[in-house]
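Every number for a ligand or one of its atoms is a count from 1 in the order of the listing. Counting from 1, the numbers follow the sequence of the chain as shown.
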Amino acid sequence: MSLLNAQALVRVALPVPLRREFDYLCPLPLPAPGCRVAVPFGNRAMTALVLSHPTDSSIDTAKLKAVNSILDSVPLLAAAELKFLAWAAQYYLYATGEVYFQALPALLRKGEAATYRPATVWHIVDQSAELPKHAIKQQQALTALHQGPLSQSELQVRGVSSTTLNALAKKNLIEKREQVPHLSDWRNTPWQVTEQDKHRLTTEQALAVSLIQGTHGFSPFLLEGITGSGKTEVYLQVMEAVLAAGQQVLVLVPEIGLTPQTITRFQQRFSLPICTLHSGMNERERLDAWLSCRDGSSAIVIGTRSALLTPFARLGLIIIDEEHDTSFKQQEGFRYHARDLALLRAHQLDIPIVLGSATPCFESLHNAAQGKYQHLTLSQRPGSATVAEHLLLDSKNVQMHAGLSPQLIELMTHELSQGNQVMLFLNRRGYAPALLCHGCGWLADCERCDAHFTWHQHPSRLHCHHCDHQRPLPPACPNCGSTQLIGTGLGTEQVEQAISGLFPQYATIRIDRDNTRRKGSFEKHLEGIRNGQYQILIGTQMLAKGHHFPDVTLVAILDADGALFASDFRATERFAQLYIQVAGRAGRASKPGRVVLQTHQPDHALLQDLTHQGYQHFAHSALKERHFAQLPPYSFQALFRARANNASLVQHFLQQLATQLQPHLSPHVLCLGPISAQMERRAGEYRYQLLLQSSQRRELASACRLALAIIDTQAEARKVRWSLDIDPVEL
Ligand code: ADP
Ligand code: ZN
Ligand code: ZN
């Protein structure tokens, strides 16, 4: 090896779709692993992350390129974090570099400095300046600034107005400067939770808290508690001890669950720095939050899925709220499951982790049954809150009004007249899920998908919910010219319209993705519901998750039939979770609640089980069926998906893969397919998939690695878009 003097090798990760690392020459002293460097790659410059300092390269050093510059003097990621991400890339068999870069906020990926946004602070210019005695406010401001520079908002807290500051600035006594904020260490400032702020725990809660607090090191808990049983109170009390020991807490919540209300609950309990991490933040906000996790200046971090990849200075506890929620699984690119990776992270850091839910996913229930998790149960609501009454309403031969049976309308009338709120749930937005010609039966279908257009009225259009294609409503049937175009089926817009006709004296609000797109509008609607501005709430599952509406006493699921006959083996589990979530909205405070389910299948075993026996019982029998069929969690799956504009190309690609793989598979690995995806054509592409399944994780992983090696040699692989999904949650 003939390296030039004062140069050595660095091995780096690059955000490119290749499962490998790259070597570069680098001037001494070498940047530590976890630092970024700018490197030439192809004909452009890229940001890379240093992983190690190899002594040798498989590539001739004469051919190696040198890094352009070193971007960090301090590592962004610690050795343990690099190791964790490397493991994640291995487990999901995903491009290593992309995995590392998912752990960095966008600004750092682009090569920006890893520093906080500079804030404007006020400084004293002339320390000895005298002010006339009567300028009391200006005196106050100077006294505050004598201790050191302060930002406008810090001064405001001390009662100094901007008028005063501007007056002082005019006299050239103080001036503004841009400065990176100095963060004080929250561990040095006293904070305390007063006993009045806490609830007196129920026996079940107290047991859960003491068991979690009594553990040391890695210990996973499944906290299964019915809605309103006080899981959050358990989290808060467990967190208190961890925070008191100076450690940080990470709380993961589902995509839609991170509302100001959630954050307020934590803020009210702890006067400590709390930061959030979610997709609604801009790049600068994300970087600042990320830095505060990494340097430890945030005590509590509340975030969605990707917050799990963030580095922490002193993480002492991970909590995953609504652990069954599918938004914890990333559905594109690096398809990781934040819950599964969180367990790995907790194991690596040797800290406790709490998975909480009213409806734990079957995987977690199975792990608890096997003794891998401690199973804690909260079966009662504290105080006077009662558990809701469940009613199955038979829709057969019933004259419905926009999806509401006369019986439901009667129940609604009663509750509304008592001053209570009513919530109607329908998981279909738009006016009607299809547009039909009454003259000839023509249906408005999306040209690019195997799907009907949804008819929307606000604003009026046909909209494909699968590829987002939109077009104006046709004036007449393109097939027969009839102008009698009618909607079939029911969407939330139609229910909203009908309700306004049926109950004109009550205010109605609809909550779905269509009318919550604008930033802050979802929160505004929720606020309006809580302060009683609306009496009738209509919504999709957005409305179902984790929100407290104390005045809702009646919840109705308008159409339960669809979920009963879906093809995905997880459909019943999902429906049951959704049902319990929706039902949990009723009677949360002191008012008793009712849950109504309209169905044409009132005798269906699943519905009977859920309404009479509850989720645990349902899960128990459903898990037996999974066991019998050897489906997850009794086996593990990996799914190869492929798509292209040409159907036979996709089929051939996967068929080739299956054929070449088959002879090398162990008898413990099943290879199923290729078969078409549930919707074969979507956005103009044909979609097929190949499923690998095994009861042995290790053998499944080797089969996947083998398949990837085969794909690397296949010419067709470059003509189709393919991906590998380990532990898929949707087939
Ligand atoms: P979950 O998260 O299980 O749905 P929450 O933690 O939101 O339940 O609690 C539901 C309600 O009960 C909240 O208003 C909470 O303040 C209250 N609560 C929780 N624990 C207690 C308790 N031990 N005593 C009285 N009220 C409680
Ligand atoms: Zn027609
Ligand atoms: Zn479409």
Exercise for review: Could you list which atoms of ligand 1 come closer than 4.0 Å to a heavy atom of Thr202?
Suggested key: 23 (N)
Revision key, fill the gap. Tested for salt bridge (Lys or Arg N to Asp or Glu O under 4.0 Å) against Glu233, the lone hit among Arg265, Arg200, Arg381, Arg269 is Arg269
**Study point:** Qualifying residue for salt bridge (Lys or Arg N to Asp or Glu O under 4.0 Å) with Glu447, from Arg471, Arg682, Arg681
**Key:** Arg471
Practice item. Report the part of Gln205 (side chain from C-beta onward, or backbone N, CA, C, O) that has a heavy atom under 4.0 Å from ligand 1; answer both or neither where that applies. Key: side chain
**Study point:** Option whose closest heavy atom lies nearest to atom 25 (C) of ligand 1, chosen from His199, Lys198, Gln380, Arg381
**Key:** His199
**Study point:** Positive for side-chain contact (heavy atoms from CB on, under 4.5 Å) with Thr276, one of Val301, Ile263, Val253, Thr262
**Key:** Ile263
Check your understanding: In terms of side-chain geometry, is the basic nitrogen of Arg641 or Asp725 positioned less than 4.0 Å from the acidic oxygen of its partner?
Key -> yes
Exercise for review: For Arg200, take its heavy atoms, then give the atoms of ligand 1 lying under 4.0 Å from any of them.
Suggested key: 22 (C), 23 (N), 24 (N)
Review point. What is the minimum heavy-atom distance between Cys446 and Cys467, and which atoms define it?
Key: SG-SG, 3.7 Å
Check your understanding: Quick one: does ligand 1 sit under 4.0 Å from the side chain of Arg265, the backbone, both or neither, non-hydrogen atoms only?
Key -> side chain
Check your understanding: Checking side-chain contact (heavy atoms from CB on, under 4.5 Å) for the pair Glu323/Ser357: CA distance, chi angles, key distance, verdict?
Key -> CA-CA 6 Å; Glu323 66 89 37; Ser357 175; 3.9 Å; yes
Practice item. Give yes or no for whether the N/O distance cutoff of 3.5 Å, strictly under, is met between Gly225 and ligand 1. Key: no
Check your understanding: Number of protein N/O/S atoms less than 2.8 Å from the Zn ion (ligand 2)?
Key -> 4
Review point. Counting no waters, what protein N/O/S atoms lie under 2.8 Å from the Zn ion (ligand 3)?
Key: Cys446 SG, Cys449 SG, Cys464 SG, Cys467 SG
Exercise for review: Could you tell me how the ring of His463 sits relative to the ring of His465: parallel (under 30°), tilted (30 to 60°) or perpendicular (over 60°)?
Suggested key: perpendicular
Check your understanding: Thinking salt bridges, do Arg574 and Asp325 make one under a 4.0 Å N-O criterion?
Key -> no
Check your understanding: Out of Thr232, Leu378, Thr227, whose heavy atom sits nearest atom 6 (O) of ligand 1?
Key -> Thr232
Review point. Tell me, do Arg428 and Thr540 make a side-chain contact under 4.5 Å, heavy atoms counted?
Key: no
Review point. At a non-hydrogen distance cut-off of under 4.0 Å, which region of Ile226 contacts ligand 1 (side chain, backbone, both, or neither)?
Key: backbone
Review point. Do ligand 1 and Pro382 have nitrogen or oxygen atoms that lie under 3.5 Å from each other?
Key: no
Review point. Hey, is Asp468 close enough to Arg461 for a salt bridge, meaning N to O under 4.0 Å?
Key: no
Check your understanding: Between Glu685 and Arg721, is the closest basic N to carboxylate O distance under 4.0 Å?
Key -> yes
Practice item. Spell out, as yes or no, whether a donor-acceptor pair under 3.5 Å connects the side chain of Ser219 to the backbone of Thr215. Key: no
Point to revise | Ligand-side contact atoms (ligand 1) for residue partner Ser229, heavy atom cut-off under 4.0 Å | key: 3 (O), 8 (O)
Review point. Parallel, tilted or perpendicular for Trp722 and Phe653, by the 30°/60° rule?
Key: tilted
Check your understanding: Quick one: which of His525, Lys524, Arg510 gives a side-chain contact (heavy atoms from CB on, under 4.5 Å) with Thr516?
Key -> His525
